[in-house]
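Please read the structure below before turning to the comments.
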Protein chains: 2
Amino acid sequence: MTEKTSHATVDDVAALAGVSTATVSRCLNAPDRVTAATREKVMTAVRALNYTPNFGAKALASKRTGIIGAVVPTLENAVFAHGVDAFERALAPGKFALLVASSGYEAGREKRQIEALVARGADGLLLVGFDRDPAIYDWLALRKVPYVLAWSSGESHPYAGFDNLSGMAAMVGMVLELGHRNIAMISGITSGNDRARDRLEGARSAMAQAGLSFCGVREVAYGLESAAGAFSALMADRRVTAVICGNDVLAAGALRAAHGMGLRVPEDVTITGFDDIDIAEITWPQLTTVRVPHSRMGEEAARLLQDLIAGRPGESVLLATELVRRGSHAAVAGAGILP
Amino acid sequence: MTEKTSHATVDDVAALAGVSTATVSRCLNAPDRVTAATREKVMTAVRALNYTPNFGAKALASKRTGIIGAVVPTLENAVFAHGVDAFERALAPGKFALLVASSGYEAGREKRQIEALVARGADGLLLVGFDRDPAIYDWLALRKVPYVLAWSSGESHPYAGFDNLSGMAAMVGMVLELGHRNIAMISGITSGNDRARDRLEGARSAMAQAGLSFCGVREVAYGLESAAGAFSALMADRRVTAVICGNDVLAAGALRAAHGMGLRVPEDVTITGFDDIDIAEITWPQLTTVRVPHSRMGEEAARLLQDLIAGRPGESVLLATELVRRGSHAAVAGAGILP
DNA sequence: TTGTACGCGTTATCAA
DNA sequence: TTGATAACGCGTACAA
């Protein structure tokens, strides 16, 4: 009875090919350090035995797994789904694989997920934003795990992101130019979320620069329903002519609520988004929003992280955001200013 | 100069705690097989040394990684993003982590991704649909890697999915009841995609049952633009009063094209979707579509796969789809049938 | 309940 | 270019 269930090992391959295990290993990991003739013999044996290197043994001996971890709030937001998708595709094929975990916007869960990924041997990490317990950065440094932050500018950390603050300030600036003065905002929950905080901050500073402040600000969880609720509450103040939203999902929810209330967009109220995900082009009217190059950002993050893992310097990159003027904005009625 | 860079090992912990390495291992993996007193000593040492088990060594010795792999066409489609998100959340926390790869709807790339995940020591796999090279299933069986198929009923394979065929047949049945007779369809690319094929097949069989066939069928890549193009082409036939779409993205693209052509929906043309993702509620009018319990499916798939990995039997589950009647359908003009 | 000692399969060092 | 051999760090029979 031969052991049919056990897999072939380097020893089996070496024996069949008539070489040493060291040569087999070289053939697989550094083919150019072996003569064509022996390489041929070895590869034939590999195929004959259907040999696959044991992952654990390889990781143990080489001290690297080829696994990169990513922790995002949720894949349900297209922003992260697209970014992670692009990130994964930009990883050197065959060399790295992506381990994904979600935090549900919870700091505690994010910490546990980071630990779990590192425990699984992640060679590097992709994280969202910079706002987290400093102990985590210390721990990562201690463990010598390289990481890249995305969707924000990472302050002192390596990052591939953009400036949420100025992006939103530009949007509010445009709304002000349209003559709006009574403006409200629906923001994401800012606690533990630097993206949401920066967007709110950017909006407020643009208002302040014009000597104004918001009629009302509502912090709500990202979701159509919560945005719709916030919108109705905000519009109770009949002076409001524009509602700035922290992202496109929030804006879509507000838009729907507006329709439900019999309000015309943009004639009665201007609604703006942020992110420029697919839904921005699907709503009616289409959303005026801030374009963020999510896919490009995923690619840059992958490039940067792979540099870091390889011991190369690696430079952070700040991507530009862009105002996208579509149909959900207009000059305030009677303002005499053209859109 | 002490070696500051090397991490603590079981030996270090054992030495500090004054026990053997075996006891340390037991404390971490089977705490109940150790007295509370020694456990306390060991855990104190673990914390003091900031000890984390080496992943490679653990995997090598235990022959399992706690890594589960998933290969989906793309995370850009909300259907997969949501499903994967739910799947990941349903994985036993701390015990399993999710390795995600995308195939871009390419069979060759999917095969390579599967191999890459198995090479990374995946204890189990989540795959989309059943339509793939049989050699892959053989290879998986040879390697003894458990897997679960989702988004389809998996034929002879373990699956957590739903019946695309009957789901679409029900939708077409409803459209026929509304009096429509000149119907066209925008389908996803059916080659290598059993979901798209089943939906097209289900639609055709419902038509056939009424003694009809489609005015036109267009197979296009999933995307707003391609759907918009297909819609205009299909509507060149002025008899068409309803367009069945293979999924919600396609339907959203068709809807946008309809607006662009000055067609009213649903007064001039009925448009239906499939999947019931977020955008179905964001379009105007909201999409009449087929609801698929993506999150529930992800959870069931996780449950099933974990059963399989644990050596338990594990039962496939077929989830029910449901017709969601919203605003994009209406009785054909002059049909005298109420919606 | 705890300790001893070996095996897991690969890579890397150093000679040849 | 190739080969012998020593790590790599943990789990686990088996014995105490």
Side-chain angles (χ1 to χ4, degrees), chain A residues 3 5-43 45-46 49-67 95 118-123 143-144, chain B residues 3 5-46 49-67 95 118-121 123 143-144:
Chain A
E3 189 77 18
T5 64
S6 77
H7 291 172
T9 70
V10 267
D11 295 286
D12 300 326
V13 176
L16 183 59
V19 299
S20 72
T21 61
T23 300
V24 174
S25 180
R26 277 188 217 104
C27 277
L28 268 28
N29 301 308
D32 18 287
R33 307 193 50 168
V34 159
T35 60
T38 56
R39 198 188 316 150
E40 188 59 35
K41 281 192 304 184
V42 171
M43 294 317 286
V46 164
L49 296 172
N50 215 312
Y51 169 74
T52 312
N54 177 287
F55 176 67
K58 193 176 177 125
L60 176 57
S62 68
K63 298 183 184 307
R64 39 176 57 262
T65 58
I67 288 178
K95 199 170 169 200
V118 172
R120 295 259 172 346
D123 288 340
R143 286 270 180 297
K144 297 195 190 313
Chain B
E3 189 75 21
T5 63
S6 77
H7 290 174
T9 70
V10 269
D11 295 284
D12 301 326
V13 176
L16 183 59
V19 299
S20 73
T21 61
T23 301
V24 174
S25 180
R26 280 188 212 103
C27 276
L28 268 28
N29 302 308
D32 18 288
R33 306 194 51 164
V34 160
T35 60
T38 56
R39 197 188 315 150
E40 189 57 36
K41 282 193 302 186
V42 172
M43 295 316 285
T44 304
V46 165
L49 295 172
N50 217 314
Y51 168 74
T52 313
N54 176 285
F55 175 68
K58 196 179 174 112
L60 177 57
S62 68
K63 297 186 183 309
R64 39 175 59 261
T65 58
I67 288 177
K95 200 169 170 200
V118 172
R120 295 260 171 346
D123 289 340
R143 287 271 179 296
K144 297 193 191 314

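Residue numbers begin at 1 in each chain, while the letters A, B, ... track the order of the sequences. What's counted below: heavy atoms across the whole structure, side chains too, no hydrogens, waters or symmetry copies.
Across all non-hydrogen atoms, the minimal contact from A:Ala17 to A:Ala45 is CB-CB, 3.9 Å. For the pair A:Leu28 and A:Met43, the tightest heavy-atom approach, listed with the atom from each and the gap, is CD1-SD, 3.9 Å.
Spacing between atom CG of B:Asn54 and atom C1' of D:dG11 amounts to 13 Å, rounded to whole angstrom units.
Near DNA chain D, defined here as any heavy-atom distance below 4.0 Å, the residues from residues 55-65 of chain A are A:Leu60, A:Ala61, A:Lys63, listed numerically. Residues from residues 31-40 of chain B with heavy atoms under 4.0 angstrom of DNA chain C, sorted by number: B:Val34, B:Thr35, B:Thr38. Of the residues in residues 21-28 of chain A, A:Thr21, A:Ala22, A:Thr23, A:Arg26 come within less than 4.0 Å of DNA chain D through at least one heavy atom, sorted by number.
The residue from A:Leu16, A:Val34, A:Val13 that alone fulfils the side chain to side chain contact (heavy atoms under 4.5 Å, CB included) condition with A:Val42 is A:Val13.
Taking a 6.0 Å sphere around CZ of B:Arg143, one finds it holds more than 12 heavy atoms contributed by other residues, nucleotides or ligands.
B:Arg120 is listed as a side-chain neighbour of A:Ile67, based on a closest heavy-atom distance under 4.5 Å. Residues B:Thr44 and B:Lys41 form no side-chain contact, since every pair of their non-hydrogen atoms from C-beta on lies 4.5 Å or further apart. Looking only at side-chain heavy atoms (C-beta outward), A:Lys58 and B:Leu60 stay at 4.5 Å or farther from each other.
With sequence neighbours left out, A:Ala61 forms a side-chain contact (heavy atoms from CB on, under 4.5 Å) with no residue at all. The side-chain contact (heavy atoms from CB on, under 4.5 Å) search around A:Asp123 returns A:Arg64, A:Thr65, A:Phe96, A:Ile309, not counting sequence neighbours.
Atom CZ of A:Arg33 sits about 10.5 Å away from atom OG of A:Ser25, to the nearest 0.5 Å. Once rounded to the nearest 0.5 Å, the distance linking CG of A:Asn50 with NE2 of A:His7 reads 8.5 Å.
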**Prompt:** Passes side chain to side chain contact (heavy atoms under 4.5 Å, CB included), B:Thr9 versus B:Asn54? Steps please.
**Reply:** CA-CA 8 Å; B:Thr9 70; B:Asn54 176 285; over 6 Å; no

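Where DNA chain C meets chain B (any atom under 4.0 Å from a heavy atom), the bounding nucleotides read 5' to 3' are C:dT1 to C:dG9.
Within the nucleic acid shown, B:Asn29 comes within 4.0 Å of sugar-phosphate atoms alone, with no base atom in reach, counting heavy atoms only.
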